[in-house]
Amino acid sequence: MYSKTLPAGIDKILWSETKIQRRVCELAAEIEQDYLKSISNKHPRYQPIVAIGILKGAFIFLADLIRAISVPVEPDFVRVSSYSMGVNPGQLHFVHDAKTSLKERHVLIVEDIVDTGLTLSFLANEFKKRGAASIKFCALIDKTCRREKEVQLDYVGFHYSGDAFLVGYGLDYEEMYRNLIYIATLSPSAIQSSS
Ligand code: 5GP
């Protein structure tokens with residue numbers, strides 16, 4: 001249940017808790033079916049899917065998603081950031097890297113929201129170099145208006161063509177709002193007043 005008044009800075013709820021939970025279960029069912037077709041747990045070299053969540057935004061989505069998948073899944077996390085200065089400004093690097101060896105593993109990259117696509121394309125290149133058997137992308141939200149790198153998303157929760165800043169269900173604005181149970185737009189005035 002939501003209180004009638006939204007928290008300060010929140011404009012409009014886009015997806016309620018119920019809608020999110022329903023969509024997460026649908027995605028989990030799709031993922032499970034696809035993996036059951038391509039990898040069998042009777043195969044002698046069978047290993048669980050490695051689901052890699054991108055911190056911090058994907059932590060709630062990953063937790064809900066993998067609990068709705070009934071085939072074995074091994075969770076891990078990465079955190080990436082871009083250099084603001086120095087020799088390669090804007091270039092992405094790992095702040096925290098996955099601990100799991102990805103060689104010959106089926107990797108599912110789990111992202112909260114895809115915006116420019118630079119993060120996913122960086123991770124796909126890195127994980128290919130490590131010899132992953134397959135790499136698939138699962139994004140809760142596909143926000144298309146600022147896309148720079150074309151990325152083929154295998155599983156998408158919600159499509160968003162607007163240009164508002166979204167918060168809730170793991171998504172933050174300056175570390176706030178991650179614990180909202182829904183996903184909402186942040187009012188432009190909330191962004192202006194903090195900058
Ligand atoms: P990109 O696809 O641009 O490389 O990066 C996506 C990342 O940018 C997301 O994981 C998230 O951290 C951040 N991001 C992009 N758009 C939004 C948004 O609307 N709200 C929030 N909270 N984060 C966003």
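Counting from 1, the numbers follow the sequence of the chain as shown. Just follow the structure's listing: the first ligand is 1, and inside any ligand the first atom is 1.
Neither side chain, Thr119 nor Glu111, offers a donor N or O lying under 3.5 Å from an acceptor on the other. In summary, the side chains of Tyr169 and Asn179 do not present any donor paired with an acceptor at a separation below 3.5 Å, with no hydrogens or angles considered.
Across the listed options Glu174, Lys143, Glu111, Lys143 owns the non-hydrogen atom lying nearest to atom 16 (N) of ligand 1. Nearest residue to atom 15 (C) of ligand 1 from Leu140, Val114, Asp115 is Asp115 (criterion: closest heavy atom).
Not a single protein heavy atom sits closer than 4.0 Å to atom 8 (O) of ligand 1.
Under a 4.0 Å N-O distance rule, the pair Arg147/Asp115 does not qualify as a salt bridge.
Below 4.0 Å from some heavy atom of Thr119 lie the following atoms of ligand 1, by number and element: 1 (P), 4 (O), 5 (O).
Judged by the shortest distance from any of its heavy atoms, Asp172 lies inside the 4.0 Å radius around the atoms of ligand 1. Under the 4.0 angstrom criterion for non-hydrogen atoms, Gly117 is in contact with ligand 1.
The single protein non-hydrogen atom nearest to atom 6 (C) of ligand 1 is Ile113 O, 3.3 Å, given as residue, atom name and distance. Counting protein heavy atoms only, atom 12 (O) of ligand 1 is closest to Asp112 OD2, 4.2 Å.
Remark: ligand 1 and Leu120 share no N or O pair separated by less than 3.5 Å (distance only, no angle test). Considering backbone and side-chain atoms together, Phe165 places no N or O closer than 3.5 Å to any N or O of ligand 1.
For Ile54, no heavy-atom contact with ligand 1 is shorter than 4.0 Å.
A parallel orientation is assigned to the rings of Trp15 and Phe158, their planes being inclined by less than 30° (bins at 30° and 60°).
Annotation: cation-pi pair Arg130/Phe94 present, NZ/CZ under 6.0 Å from the ring centroid and within 45° of its normal.
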